[in-house]
Amino acid sequence: MTRIIPLERVRNIGIMAHIDAGKTTVTERILYFTGKTHKIGEVHDGAATMDWMEQEKERGITITSAATTCFWRDHRINIIDTPGHVDFTVEVERSLRVLDGAIALFCAVGGVEPQSETVWRQAQKYEVPVIAFINKMDRAGADFFHVVDLIESKLGANPVPVVIPMMDDGEMKAVIDLIRNVVHYYDDVIGDKRHDEPVPEEWREERNHWYKHLIEKVSEVDERLLEKYCLGEEISEPELLDGLRRATLSRNIVPVLCGAAFKNKGVKRLIDAIVDFLPSPHDLLPIIGTLHEKEIQRNVADESPLAALAFKVVADKHMGRLVYFRVYSGVMRTGSYAMNYTKGKKQRIGRLLQMHANKQEQRNAIFCGDIGVAVGLSDTTTGDTICDPDYPILLEAIEFPSPVIAVSVNPVSKNDRDKLSIGLSRLAEEDPTFLVESGVEEGETVISGMGELHLEIIIDRLQREYGVTAHIGRPQVAYRETITRSGEINHRYIKQTGGKGQFAHVNFRIEPVPPGQGFEFINEIVGGAIPREYIPAVEKGILDAMREGVYAGYPVVDLKVELFDGSFHEVDSSERAFRICASQAFKELFLRSHPHLLEPIMAVHVTTPSEFAGPVNGNLCGKRGRILGMDSNADIQIVRAMVPLAEMFGYATELRTITSGRASFTMHFEHYEPVPAFIAEEIVAVRRENHKHKGAA
């Protein structure tokens, strides 16, 4: 099997936005106009191609990112439709890691909304070039230029319109294409048919103003066009397109388009922009990875050795384990052998598939730059590198946020316990932000996730897909522990049992590190005071204690350990002895280092009519919240605040009561902060009491 579409004509793109900005609607139109589907599926009817899960159909939201492929102007476009709800931000994170470009969708009325800022930061993190599409121009109050200003002021971007709407009495009648100097008129109500005409006389001044603005913006970042512009020479359409493409790829400019996707308006122009402005894998720099901590490169080409990244795992009840991957170099072929370098295991590639949402197409090979699915890679998980066994490489993995909320799940019967175990293990494989652990009570299982909706979907899937009947506990906050002072300890572990004894001796110090920096272990042993083979056991013992928690039984974060001395016994020392010794020493020293309890702080944005702004602010302050500011949009106020998650349970009902059901809110995890002392004491007391009952049982 040989490549049909050249690499330079491949586009890997994602569609990202705040919830309800129209991502899935835009994707459905792209699939329809490119001939991938012959009927448009609507989100509100539960018929959207990309929202195939039952939970997505019922709620009218995207929960899991779905991949598909379509063709336009002899280009192959691989699309991933991502969720907008903050509880499923992991889907956006792992999608952007493997994509080359993105479409940022904005509502023409709502503008830059809270989750818009989150996904924009994620795109910046992975240096993904972006084009913007201002959607819902058919809604009352739509303001294209206001949203362009917000993209600049709130996101710090350099947005440059390449089309402008032709508005008449607040309604978009057509779209003016600045580059081609034509107007796109839509001949029917649903916008399926379009014809182009010259710009009308009364709109030429407006078009010329924004065309000049476009030329100036591109010239600022393109020396070739700047020279022609300064000399007053005419810039041709191909030259302008080429300059705009280079400026987009370098992330100096964000081309802005507009339309009304629900009525099919502006979508064909958007697909043209995907081809014209977003990068192909061929445009990327050589892929950088590591081998034995040394940096190595792979050229982006079919002829290079295989290097691919697994970015998603799905447990399909009919086909088993599906591993989604992006090929960065080389070709992955059916029946060949590949190395999972992350796990150090060689595996045979079974079936290869091309996905269209939840439908599959059999493939013999997935080429460089493409996204595919492998069946049968049993040991591969999210973030693993798959490579040629003869040319190993380790690609940068994907970082995921830690869960912030938990609930207990108690199966009703033994049969349910078995089904629960199977279901949870498969769901945890799919979602790196979903964790499963044993709870305080005997037989209790605690599941943790990114928010109440996240866990609600998990529980719903357990019931429907795995037939589990269980009692669900109240939501709990995922607290963390850390220290505020440095300290060091000299600790010995000696145990004599009549036979071979146990001996270990460690000296180490611990000190706090900045929030979010995690855990760092430094080995400063010299002269063999502790043999090299026992050093990993010391680190494992410390990690054991950190996972269990010391102060209140919550995981420990953000500290550094420096092991600088110790001793051993030729006969009685062992890895087990050093692991136990390190764990005991850490617990003792941690309690002497002024431990603090940390709680997740949520960024909360409340959109409310102005008349309710005062009560909303007062209510948030009563929840230990800090009001960061307020933005106005007509008679609407957007309140921005930081509030502890522990205070936000049931807030949706409170907000409805305060505002007579006229306000809405979004919330996402921002960072951890110390819990006030009097509240921390209560939490610690409750946890210790629960542990005491568990011990008695």
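None of the values given here were measured: they were computed from a predicted structure.
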N/O donor-acceptor pair under 3.5 Å between D222 side chain and L225 backbone: yes

Verify salt bridge (Lys or Arg N to Asp or Glu O under 4.0 Å) between E206 and R204, making sure each step is shown before the conclusion. CA-CA 5 Å; E206 182 80 358; R204 285 180 189 169; over 6 Å; no

Would the distance check show the side chain of S660 and the main-chain N or O of R656 forming a donor-acceptor pair, the cut-off being under 3.5 Å? no

With distance as the sole test, does N158 use its side chain to make a donor-acceptor pair with the main-chain N or O of E152 at under 3.5 Å? no

Could you check whether atom CD of E237 has more than 12 heavy atoms from other residues, nucleotides or ligands sitting under 6.0 Å from it? yes

Straight-line distance of D143 CG to M137 CE, nearest 0.5 Å: 7.5 Å

Does the H454 side chain pair with the main chain of M450, one donor and one acceptor, at a distance under 3.5 Å? yes

I'd like to check V606 versus I638 (side-chain heavy atoms, cut-off strictly below 4.5 Å). Are they in contact? no

Residue of the set R269, R194, R207, K268 for which salt bridge (charged side-chain N to carboxylate O under 4.0 Å, His left out) holds with D177: R269

Any idea how H195 and Y185 line up, ring-wise: parallel (<30°), tilted (30 to 60°), or perpendicular (>60°)? parallel

May I have the step-by-step check of salt bridge (Lys or Arg N to Asp or Glu O under 4.0 Å) for E611 and R662, ending in yes or no? CA-CA 11 Å; E611 62 194 278; R662 294 171 63 192; 3.3 Å; yes

Between S236 and E239, does a side-chain hydrogen bond (donor to acceptor under 3.5 Å, both in side chains) hold up when you go through it step by step? CA-CA 5 Å; S236 67; E239 286 176 322; 3.2 Å; yes

Can you tell me if E202 has over 12 outside heavy atoms packed within less than 6.0 Å of its CD? yes

Taking the side chain as C-beta and beyond, is there a heavy-atom pair between I77 and I274 under 4.5 Å? yes

Worked verdict on R626 versus E673 for salt bridge (Lys or Arg N to Asp or Glu O under 4.0 Å): CA-CA 13 Å; R626 301 193 306 274; E673 284 184 9; 3.1 Å; yes

Measure from the ring center of F665 to the ring center of Y651 and say whether it is less than 6.0 Å. yes

Are E223 and R246 within salt-bridge range, i.e. N to O under 4.0 Å? no

Is a salt bridge present between D370 and R76, judged by a nitrogen-to-oxygen distance below 4.0 Å? yes

Answer yes or no: is there a side-chain heavy-atom contact under 4.5 Å between D100 and P281? yes

Would you indicate whether the side-chain heavy atoms of V404 and Y672 approach each other to under 4.5 Å? yes

Stepwise side-chain hydrogen bond (donor to acceptor under 3.5 Å, both in side chains) check, D631 with Q637: CA-CA 6 Å; D631 300 321; Q637 295 285 335; over 6 Å; no

Relative to each other, are the rings of W210 and F145 parallel, tilted or perpendicular (30° and 60° limits)? parallel

Start with the C-alpha gap between W120 and V254, add the side-chain angles, then the distance that decides, and say whether side-chain contact (heavy atoms from CB on, under 4.5 Å) holds. CA-CA 12 Å; W120 193 272; V254 176; 3.9 Å; yes

In the structure I gave you, are the side-chain heavy atoms of R251 and E127 within less than 4.5 Å of one another anywhere? yes

Could you walk me through whether R180 and D272 satisfy the salt bridge (Lys or Arg N to Asp or Glu O under 4.0 Å) test, starting with their C-alpha distance in whole Å, then the side-chain angles of each, then the deciding distance to 0.1 Å, before giving a yes or no? CA-CA 12 Å; R180 293 165 187 160; D272 283 335; 3.6 Å; yes

Is any NZ, NE, NH1 or NH2 atom of the basic residue among R73 and D276 found under 4.0 Å from an Asp or Glu carboxylate oxygen of the other? yes

Please determine whether the number of non-hydrogen atoms from other residues, nucleotides or ligands lying under 6.0 Å from atom CD of E216 exceeds 12. yes

Heavy atoms of other groups near E197 CD, more than 12 under 6.0 Å: yes

Side-chain contact test, heavy atoms from C-beta onward, threshold under 4.5 Å: evaluate it for F71 versus H75 and give yes or no. no

I'd like to know if the side chain of R245 reaches the main chain of L278, judged simply by a donor and an acceptor atom lying under 3.5 Å from each other, with no hydrogens or angles considered. yes

Is it true that a side-chain atom of R29 and a backbone atom of A261 form a donor plus acceptor pair closer than 3.5 Å? yes

Side-chain contact, heavy-atom cut-off 4.5 Å: N264 with E28? no

Please examine the side chains of P161 and L214, heavy atoms only from C-beta on, and report whether any two atoms are closer than 4.5 Å. no

Quick one: do E654 and K623 make a salt bridge, cutoff under 4.0 Å? yes

